[in-house]
Amino acid sequence: MPNKLSKKINHERFNRYVKRSSEVGRTDNNGLHRLALSQADKEIRDQLKVWFEQAGLATTIDDFGNMYGRREGKNPHLKPIVIGSHLDTQPYGGRFDGVLGVLAGLEVVESFNDDHIQTERPIIIVNFTNEEGARFPQPMLGSGAITEHFNKSFVYEIQDEKGITFEQALQEIGYVGKEEYRLKEAEYYLELHIEQGPMLERNSKQIGVVGGIQGMDWLDVNVIGEKNHAGPTAMEDRKDALASSARMISTLYEITNSYSGLKTTVGKLHVHPNVANVVPGNVEWVLDVRHEDDTLRMAALDEMRHALKQQAALDGTSVTVNELWASPAVLFDEDVLGAIEKSTDNLGLTRMKLYSGAGHDSKYMPYFGKTGMVFIPSVQALATGKMN
Ligand SMILES: [Zn+2]
């Protein structure tokens with residue numbers, strides 16, 4: 001990027017944006033409770049529209065409620081640079097999370113306005129709908145929908161806990177826009193986000209250059225033994241599905257440690273019959289495995305499946321493994337990463353490369369163009385009341 005663009009933003013104005021956003025859906029512990037398409041979401045959307053107008057951006061809203069603010073370039077025929085993230089939050093979530101990504105984009109545009117900088121390409125600031133998937137249980141809904149990962153009827157029919165559909169909620173807050181306004185192209189997509197992990201803080205780095213988003217597998221593991229009474233059944237006669245599962249999980253964690261950077265989690269178990277004095281006959285659990293290298297993850301999964309069968313044979317149990325869900329790794333564009341690294345160095349900030357363990361809207365954006373993400377440290381006490 002030319003050096004004249006490496007200018008400073010107006011911190012006071014940016015802080016004003018963040019402060020105002022932090023008031024909309026505010027919780028007692030300084031976090032935010034701003035579920036997608038709720039009244040609080042409507043309020044911050046209305047505010048964003050005003051900010052877009054003040055910044056001279058043309059506002060459009062598509063049929064998924066995604067909001068766009070467009071600043072024209074010298075050459076309106078060039079594909080735009082898109083900057084953004086999401087303004088919705090988890091229940092009692094953080095006030096920075098995706099909010100910074102939208103507001104940082106807005107401040108970039110305002111800074112260009114201050115200096116009368118006209119870019120070649122148009123710039124579009126975007127606020128994607130329902131990134132969190134907290135109210136409507138499909139994360140990254142708005143970005144996934146415009147990139148043809150979900151079709152319209154699927155999106156419109158998703159219901160929240162009260163049975164309200166996405167479509168109804170969108171209508172209720174008055175944010176049903178037009179299909180023709182969906183983002184259709186982007187030369188670049190940039191997203192600033194809180195890290196949501198401890199790596200930057202732990203390594204005392206200021207900027208995380210995000211190499212991509214880890215690939216992920218969810219496997220349903222069903223271990224079948226024999227249900228028996230605790231008293232009469234001798235230890236050597238048991239086929240204890242829980243004891244067998246425990247040994248399996250321990251082996252899986254050992255395998256995990258032999259692959260650098262691999263992350264394995266078992267966070268959910270169903271023990272049957274789940275009674276104190278009955279030897280468990282059946283235990284079902286979910287295995288979550290993540291890595292940024294798909295080939296490595298696949299190799300680890302093969303080894304894990306094999307180890308599960310072996311352990312079952314030793315324990316006299318049987319095991320079935322079914323893939324519940326898989327999401328391949330997304331690697332961001334090398335040129336964009338290079339530009340982020342260069343800018344970081346020019347600003348005299350410290351950096352490290354890392355991979356996102358969580359999903360973000362940028363996951364879907366390589367569909368349009370060269371994508372990159374910047375993480376900033378998530379300081380526990382500062383970032384939220386609770387998580388972030
Ligand atoms: Zn987020």
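As the structure lists them, so they are numbered: ligands from 1, and atoms in each ligand from 1. The analysis underlying the following values was restricted to heavy atoms, covering all of them including side chains, and did not include hydrogens, waters or symmetry mates.
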When you look at E254 and S258, which way does the side-chain hydrogen bond (donor to acceptor under 3.5 Å, both in side chains) test go after all the steps?
CA-CA 7 Å; E254 269 169 41; S258 69; over 6 Å; no
Do S85 and E191 pair up side chain to side chain, a donor and an acceptor below 3.5 Å, judged on atom types alone?
yes
If you draw a sphere of radius 2.8 Å around the Zn ion (ligand 1), how many protein N/O/S atoms end up strictly inside it?
3
Connected-component partners of Y181 among ILVMFWY, side-chain separation under 4.5 Å:
none
Verify, without hydrogens or angle tests, whether N130 (side chain) and F136 (backbone) share a donor-acceptor contact under 3.5 angstrom.
yes
Would you mind checking if D345 and K342 are paired as a salt bridge, meaning a charged N to carboxylate O distance below 4.0 Å?
no
Can you say whether the rings of Y189 and F128 are parallel (under 30°), tilted (30 to 60°) or perpendicular (over 60°)?
tilted
